[in-house]
Amino acid sequence: MATKRHAHTVWEGDLARGRGTVSLDYSGLGSYEVSWPARSEEAPGRTSPEELIAAAHSSCYCMAFSGGLAKAGTPPTRLDAKAEVTFVPGTGITNVHLTVVGEVPGIDEAAFVKAAEEAKLNCPVSKALAGTEITLTATLA
């Protein structure tokens, strides 16, 4: 069965001086301030589309990776994944770097790295970001 999720943003003002609020409507988890400075420079306390993409990618990647490991008979005890999304003003999102450290009983480093790469390719968010360079560093704890 297909699922649909939704969020919305209200923006006021121009790009450079304006600001908006993105609301996670479906989950009701909250509303978060967004602005151009939060996207293109340091602006603590505000999020950006790239941070939201990083959150989506790291969580989706963990799900894809844990599913692949379990299917291979080596379910993970723990996966700790980070997604770092690079945004260049005037160019856009140029790359995503995934870093994962995993505790997986019964698997060696080579098998872990191979499974990590497969998860990177099969993760639905990775597929949605097709055309963006996605790199990976995988370490077995």
Side-chain angles (χ1 to χ4, degrees), residues 1-16 18-141:
M1 174 167 79
T3 61
K4 294 183 181 183
R5 303 294 185 261
H6 56 276
H8 83 279
T9 300
V10 174
W11 186 269
E12 296 177 351
D14 66 8
L15 176 62
R19 64 172 34 161
T21 303
V22 60
S23 298
L24 304 180
D25 299 330
Y26 181 84
S27 65
L29 290 176
S31 297
Y32 305 92
E33 287 189 38
V34 292
S35 68
W36 179 251
R39 189 173 197 186
S40 61
E41 52 193 71
E42 297 298 320
R46 293 202 173 123
T47 192
S48 67
E50 291 72 29
E51 183 178 30
L52 297 171
I53 289 170
H57 204 176
S58 65
S59 60
C60 183
Y61 177 76
C62 279
M63 291 179 200
F65 195 9
S66 67
L69 288 167
K71 187 175 179 181
T74 54
T77 302
R78 178 182 169 92
L79 297 173
D80 184 350
K82 175 183 175 182
E84 184 176 65
V85 176
T86 302
F87 173 75
V88 177
T91 301
I93 295 172
T94 57
N95 72 303
V96 178
H97 183 73
L98 294 168
T99 304
V100 63
V101 177
E103 296 173 19
V104 185
I107 195 170
D108 65 20
E109 185 83 21
F112 179 80
V113 170
K114 182 179 181 208
E117 286 287 346
E118 289 174 9
K120 180 186 84 170
L121 295 174
N122 294 317
C123 164
V125 173
S126 292
K127 289 179 179 183
L129 294 171
T132 301
E133 178 187 33
I134 301 173
T135 56
L136 172 69
T137 302
T139 307
L140 184 60

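Given the structure is predicted, the values throughout are model-derived calculations rather than measurements.
One N or O on the side chain of W11 and one on the backbone of G13 form a donor-acceptor pair closer than 3.5 Å. Looking at Y61, its side chain does come within 3.5 Å of a backbone N or O of A116 through a donor-acceptor pair. Under the 3.5 Å distance criterion, the side-chain polar atoms of S126 are left unmatched by any main-chain donor or acceptor of N122.
S23 and S31 get closest at one heavy-atom pair: OG-OG, 2.8 Å. Nearest heavy atom pair, residue T47 against residue Y32, reads CG2-CB, 3.8 Å. In this structure, P75 and V104 approach most closely via the heavy-atom pair O-CG1, 4.1 Å. Across all their heavy atoms, L79 and S66 have their closest contact at CD1-N, 3.8 Å. Among all heavy-atom pairs drawn from A56 and V125, the shortest one is O-CG2, 3.9 Å. Heavy-atom minimum distance, Y26 versus R5: CD2-CD, 3.2 Å.
Annotation for E12: atom CD does not count as buried by contact number, only 12 or fewer foreign heavy atoms lying within 6.0 Å.
Here the OG1-CD distance, from T99 to E84, works out to 7.5 Å after rounding to the nearest 0.5 Å. Remark: L136 CG to L121 CG distance equals 9.5 Å, nearest 0.5 Å. To the nearest 0.5 Å, atom NZ of residue K82 and atom SG of residue C62 are 13.5 Å apart. The distance from the CH2 atom of W36 to the CG atom of D14 is 12.0 Å, given to the nearest 0.5 Å. A distance of 9.5 Å separates OG of S58 from CG of D80, quoted to the nearest 0.5 Å. In this structure, L140 CG and D108 CG are separated by 8.0 Å, a value rounded to the nearest 0.5 Å.
Contact of the R39 side chain with the V34 side chain is not registered, since no non-hydrogen atoms from C-beta on lie closer than 4.5 Å. V85 places none of its side-chain heavy atoms less than 4.5 Å from the side chain of L129. No side-chain heavy atom of F87 sits under 4.5 Å from any side-chain heavy atom of P49.
At a threshold of 4.0 Å, the pair E117-K120 counts as salt-bridged, since one of the basic side-chain nitrogens sits closer than that to a carboxylate oxygen.
Side-chain atoms of D25 and H6 form no donor-acceptor pair, as typed in the model, at a separation below 3.5 Å.
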